[in-house]
Every structure is written in structure tokens, then in C-alpha cells.
Amino acid sequence: MEPLENNVSPEHPLAELGTLVLGVGGIGLALLAVVWLAVEGAVRWLPVSLEERAFPSASIEAPESPELDALLHRLAKGWPEHEYTLGIGVIDSPEPNAFALPGGQLLVTSALLQQAASENELAFVIGHELGHLAGRDPLRALGRGLLVSLALAAVGGAEGAGVAASAAQLGERSFSREQESAADRFALALVAAEYGHVAGAADFLRRLPDAAEAGAAERAASWLATHPRSAERVAELRALADRNGWSLEGELTPLPRGMSDQ
Amino acid sequence: MGGLFDLAVPLILLIVGYFAGTMAEQSHYKSIRVRELRMRRMPTTNLKKPPAHWRVEKVALVAGSTVVSVDYFKRFLAQLRGFVGGRVRSYESLLDRARRESVLRMKEEAAKLGFDAVINVRLESSNIAAPFRNDRGTAGVEVLAFGTALKLIRQP
């Protein structure tokens, strides 16, 4: 008697692979799309007051500086329609960088203050972070970080959670090229409004390639990092200044006394 | 570049796993079928006691054990299946092969030792390699078949 051999399903494994990839992939993509839309919707409709309550700046421990605060609020005059209660703090770090946090808190690193050659340069960096706030980018990045960690957790199973967590942090840090460009344009306009010219604005960017692009975290996950190359950003800024008739030459304002010592 | 490379490695492993796994499985099944035909005359049963009219000369414990591993491709299929549930088809053949191979080895041992039948046959299976521990390791399963081999006294 021939054995029946009915313990193995007759379906071809490649057919099953096709069904599963299409099915699981389709459901996964649909889910991600739904979360994506939810994030975009939340970012668009979430009032600033609620964002500030969800991310209170009081929970961030960073020493404040009256000089920096004054500079921030002078710049913010060029963005009168904002609803944030803006604040700025200094964090101790050897890497020159600046962050905008959900809730309207800005952070600059001590290295940035030390390396800045003029107030104009610093103003551009602060303006850039204000630009991120104007685009609600930090909030959106949080949502996208959630998206990335969801996707990675699904792919990697429970073990992927650790990777997912770090990827989520990375997602919070990196904005898209368009977001960066928009923030640059926003910053340049603020700088032009404050000083009457945009001299010195791009100086920090010009120094950036060695410092920021060699960041270990970015090298480790370079595919996730989408920072536009600094040279391109400078060129974009020059073109923007030309179009608006903002002078690239002008007197640089020295940094307020004592600021770079922090 | 990095992203492309990240995709290429599992893709290559999938392709290699599919072809290597399919070849191994097909040749294993071929061997199983040939040997099952060869051994089909040896009575094998899970009854605890031999039929009353059998006169037993000698008994012994015989066992056959098989360890089978899945390939990368099957594991991937099972992982995908884990999202939506349902029959894990890709593991069915794995266990089927292990069961049949173990029974065959048990019967072959009995035959080699001069026994005529195996009764009280039991099958045990155990997972001996975790598939998802730190994403390492291979899903491997052991199936043990054991039973009581009987040598019968021929009626004159």
C-alpha cells in the first residue's frame, strides 16, 4: 500500500511565500499608512497649548542664559504669529549642535557657543531651530520615530524592540531634507529681519561638515540620517539671499560678553 | 548603499536557503519512500501487548532518533506566518520527515538485530534549538521513536 502522505500541505512553498509577502506586506503598509496619516493629522490639528502641556519644558534640565534668551526673543519678533512659550537652554556637549524639542524648548550645546564666531551665526542656528518649531517638526519627528519603531518591532519581533528604540531616537533627531531646507529659509529670513543683512549666517554651516557629519550615530545608521550636505545648504541660502536682495556682506555683531564661556 | 546591502544579505540567504533546503528535502523524501517500501513487511504497532497467538522468543528496546533543521527560507515563511496565524506549512514537512525517518531507523535497528516486529511504538518530539533567541540559532527538532522489538518463534 502506498503511503498517503497527507501530513504535508500540497501548496508550493513559493506560492505560500508570495501570498504571505503580499498579504503581510500589504496589511503592514496599510497600517503604517494609517499611523502616518494619524501623525500628520495630529501634527496639523494639535494645538500648541496641548503640545506644551504634553511636553513641559520644565522637565528639561538645562541652565538658562539671559543673553541667549534675549537673542531668542529678539529673533522671535520676526515670527509674531507663534503660540509657543519659547525657552532656550544650554547643554554640555563636545559636539556643536542645537535642538528644538516638542513644546517649544530650544537647546544649544556648549560647543556650539564656543565655536560660534559671531552673534549672527548663532542667530542663524537659533532661527533654524525656530523654523523647525514653525513647521511642527519636532512633534512630527516623534510621530515618525514611533512609526519606525513600530515597523522595526514588527519585522524583528520582540528582539527588535531594542533596535527599534534606538531607531526611534534617531528618528527624533533627523528631519527630512525639505524640513531642513524650510528651517534654513525660515532662519535666514529671521536673521535678515533682525540684522538687515545675512552676513555670517551660513558660517556655522560651512564649518559643519567635519563636526556633525562625522557623528558616530549618523555613521552607524547613515541610511536613516537625511541631513542635506552642508555645501548644498550654503548654496541654497546664497540663492535665497540673492532672490530677496539680502546682503551677504555686513557688519557682524560680536557675541554677547560671557556667552561663549558657558 | 547601506540599505541595499542590508537587503541583499537576507535575500541571498533566502535564495540559498530555498534551493539548498528543497534539494535536501527532496533527496530525503526519496530515501524515505524507498526504505519505507523495503521495511513495509515488518509489523509495527502501538499496541502494548503482542497478539495472543504470537509466541515471543526475545524482546528488546529499539529506538530511532532524528534531528532535522529548517532552512532560512522555511524559517522566514514561518515567521511571516506568525503575523497572521494559520497552518505553518513550511514546518509540516520538517516534522513529517523527522517522524518517518525516526520510525524507519527504529525498524531498521530491529531488523538488523534479527527482530520480527515492533510493538508499543511511541513517538516523542522535542525542540532542541531555539529559533529566535537573539535572532540566532536554527529551529531544529528531534523526533524519537521507540518501541519493543519482538523476535517470534516460528511455528513448525
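Hydrogens, waters and symmetry mates play no part in the numbers below; they use all other heavy atoms, side chains included. Each chain gets a letter, A, B and so on, in the order the sequences are listed, and its residues count up from 1. Being a predicted model, the structure only gives us computed values, none of them experimental.
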Legend entry - Side chain / backbone / both / neither for B:Arg87 at chain A, heavy atoms under 4.5 Å: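 Interface part for B:Arg87: both.
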Inset, instruction - Heavy-atom pairs under 4.5 Å with chain A are the metric here; pick the option from B:Phe76, B:Tyr29, B:Tyr18 that has the most. - result: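 Most heavy-atom pairs within the cutoff with chain A belong to B:Tyr18.
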Inset, instruction - Count the heavy-atom pairs under 4.5 Å between each of B:Lys74, B:Arg89, B:Glu92 and chain A, then report the option with the highest count. - result: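 Sorted descending by pairs with chain A, the first entry is B:Arg89.
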Legend entry - Nearest non-hydrogen partners of B:Leu80 and A:Val24, listed with the distance: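 In terms of heavy atoms, the two residues are closest at O-CG2, 3.8 Å.
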Just how far is it from atom [atom1] of [X] to atom [atom2] of [Y], taken to the nearest 0.5 Å?
X	Y	atom1	atom2	answer
A:Asn7	B:Arg99	CG	CZ	5.0 Å
B:Leu77	A:Leu14	CG	CG	8.5 Å
A:Ile27	B:Phe83	CD1	CZ	10.5 Å

Legend entry - Heavy-atom proximity to chain B below 4.5 Å, by part of A:Glu16: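 Both backbone and side chain.
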Legend entry - Beyond-backbone contact of B:Val84 with A:Leu20, side-chain heavy atoms, under 4.5 angstrom: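 Side-chain contact under 4.5 Å: yes.
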